[in-house]
Amino acid sequence: MSLILCEYRRYVPKAAKILLISVTWFCSFGGISTSESPRIASYFGTKTRYEEVNPFLLTNPLLVSRKNDLLPNTCTPLQVVSVIRHGRRYPTQKQIKKMKKMYNLIKQSESNSELVKELQSWNMWYDEWMDGQLVKNGEDDMKNLAHRLASLFPSLFTSDKLEQCKMSFTTSSKHRCVDSTKSFIKGLTHNYLRLPELTDTEQDDTTCREPMVNDTLMRFFDHCEKFVVQVEDNDTAMHEVDKFKIGPEMQNVIHKVATLLSVPKDQLNADLIQVAFFTCSFELAINNIVNSPWCRLFDEEDAKVLEYLNDLKQYWKRGYGFDINSRSSCNLFQHIFQHLETAVSESKRYCYGFVSSSILF
C-alpha cells in the first residue's frame, strides 16, 4: 500500500494540499488465473504469486501502469510512504516438515494411477534449512518493484535524495523481510538510479542505503501484550478454524484426496491437505511449474474450501476477529501519518523543497 502526499500547482481555495491514497497491493492475494497458471491459482491467498494479480508482469516486470490515474498533471508529489510485503519465499520449516510427511504417505501408496506415480517420482527438494527465506525470484520481485515505484515518482527517487538520506527503509528482523528490503534498495540504487556498487568500506559509511530494523514498528503484534495474551497464546482463539477443519466441507476434501491417493483417510488431516495445496502454489511461485502433479490433486471446489480455511485463520488471527488485531497496528499508522504531517509542515516552510520517501517492510 502506498500513501502519496501531493501539492497542487494551481490555486485551490482552502485545499492547497491533497492526500491521494493509492491502494496498490504489493502483497499476494487472489487474482484471476492467467493462461499460464493452474485453474486453482486464484485461490492461493497469501501464497499467490504476484503475476496472478498483474499478469503483465510475466512479459514485462518493469512496466508501469496506472501512472495517469495516480497523479493528475496539476499535482506535485511531496512524499510517498509505502508498506510492502516481502518477496517470494521458501516454505517455512513447519510447512516443510508437513510436506515431507505428506510426501512419505504418498510414497507408501500402492496405487497404480498416473497421478500417484508422478507424485511418487516427484523430487522432494525442499529442506528445513530454507525456513521461509527469500528465493531468487523473490529478490527480483523487490528489485523490479523498486524500479516501478521510482518510475511512478521520479522526483522523489533521485540519487541526491538518497545521498541526503531523504529516503528511509525500515524492516522487521525476519530474514525474508531484511533480504527483501536489501533487494529493494539494490533495485533502486543499481537498476533504476544506475549508481555504482559500493565497496565494503563505503557501505559502512553509507547508512542511507542500509535498512533499519525496527520490530516494535513492523512486528507490532509481537510487542502488543494484549494481542499475545488474547490471540497468539490463547488456545481458544482459533476455535472457529479448528471447527472448520473437522467440519463437513473439509472432511469431504480429505475423503476425495484419500481416494485419489489410495491412502487411509485417518492418516490425513486438514493441515496435511492444506500443505499439499500450498505445495502446488510454491511450485508455481518459486519454479514457475504450471502443471505440477500437486495441483492436479485438487479441483476448483476443493480450492474454494482451502482458500476459506486460510481466510478464516487470517480473519481470527490478523483480521476483524478480535478488536486487538487492528488496534495493535496503531503505532504503525501513527508513524505513517506523522511522516505525512511532517511533509506538509516542511513543504509550507520550504515551498516544495521537502520531498521524501519512506519504505516499510
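Residues take their numbers from the sequence shown, with the count starting at 1. Below, all heavy atoms of this structure are taken into account, side chains as well, without hydrogens, waters or symmetry copies.
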Presence of salt bridge, Asp271 and Lys245, under 4.0 angstrom: yes

Sidechain-backbone polar pair: Ser329 side chain, Leu332 backbone, donor-acceptor under 3.5 Å: no

Side-chain donor or acceptor of Asn325 paired with backbone N/O of Gly319 under 3.5 Å: yes

Side-chain ion pair, Glu232 and Lys226, N-O less than 4.0 Å: no

Ring-face cation contact, Phe221 with Arg318, 6.0 Å cut, 45° max: yes

Atom NZ of Lys174 with >12 non-hydrogen neighbours under 6.0 angstrom: no

Give the table of side-chain donor-acceptor pairs shorter than 3.5 Å for residues 252-268, with sequence neighbours excluded, one pair per line with atom names and distance.
| unit_1 | atom_1 | unit_2 | atom_2 | d |
| --- | --- | --- | --- | --- |
| Lys256 | NZ | Asp299 | OD2 | 3.0 |
| Lys256 | NZ | Asp302 | OD1 | 2.8 |
| Thr259 | OG1 | His255 | O | 2.8 |

Atom CD of Glu300 with >12 non-hydrogen neighbours under 6.0 angstrom: yes

Verdict with supporting geometry, Leu284 and Ile289, side chain to side chain contact (heavy atoms under 4.5 Å, CB included): CA-CA 5 Å; Leu284 177 65; Ile289 296 175; over 6 Å; no

Partners passing side-chain hydrogen bond (donor to acceptor under 3.5 Å, both in side chains) against Thr216 (at least two apart in sequence or in another chain): none

Members besides Leu57 in its Ile/Leu/Val/Met/Phe/Trp/Tyr cluster (side-chain heavy atoms under 4.5 Å): Phe56, Leu63

Mutual orientation of the aromatic rings belonging to Trp294 and Tyr103 [parallel < 30°, tilted 30-60°, perpendicular > 60°]: tilted

Mutual orientation of the aromatic rings belonging to Phe333 and Phe337 [parallel < 30°, tilted 30-60°, perpendicular > 60°]: parallel

Short N-O contact, Glu249 and Lys304, less than 4.0 angstrom: no

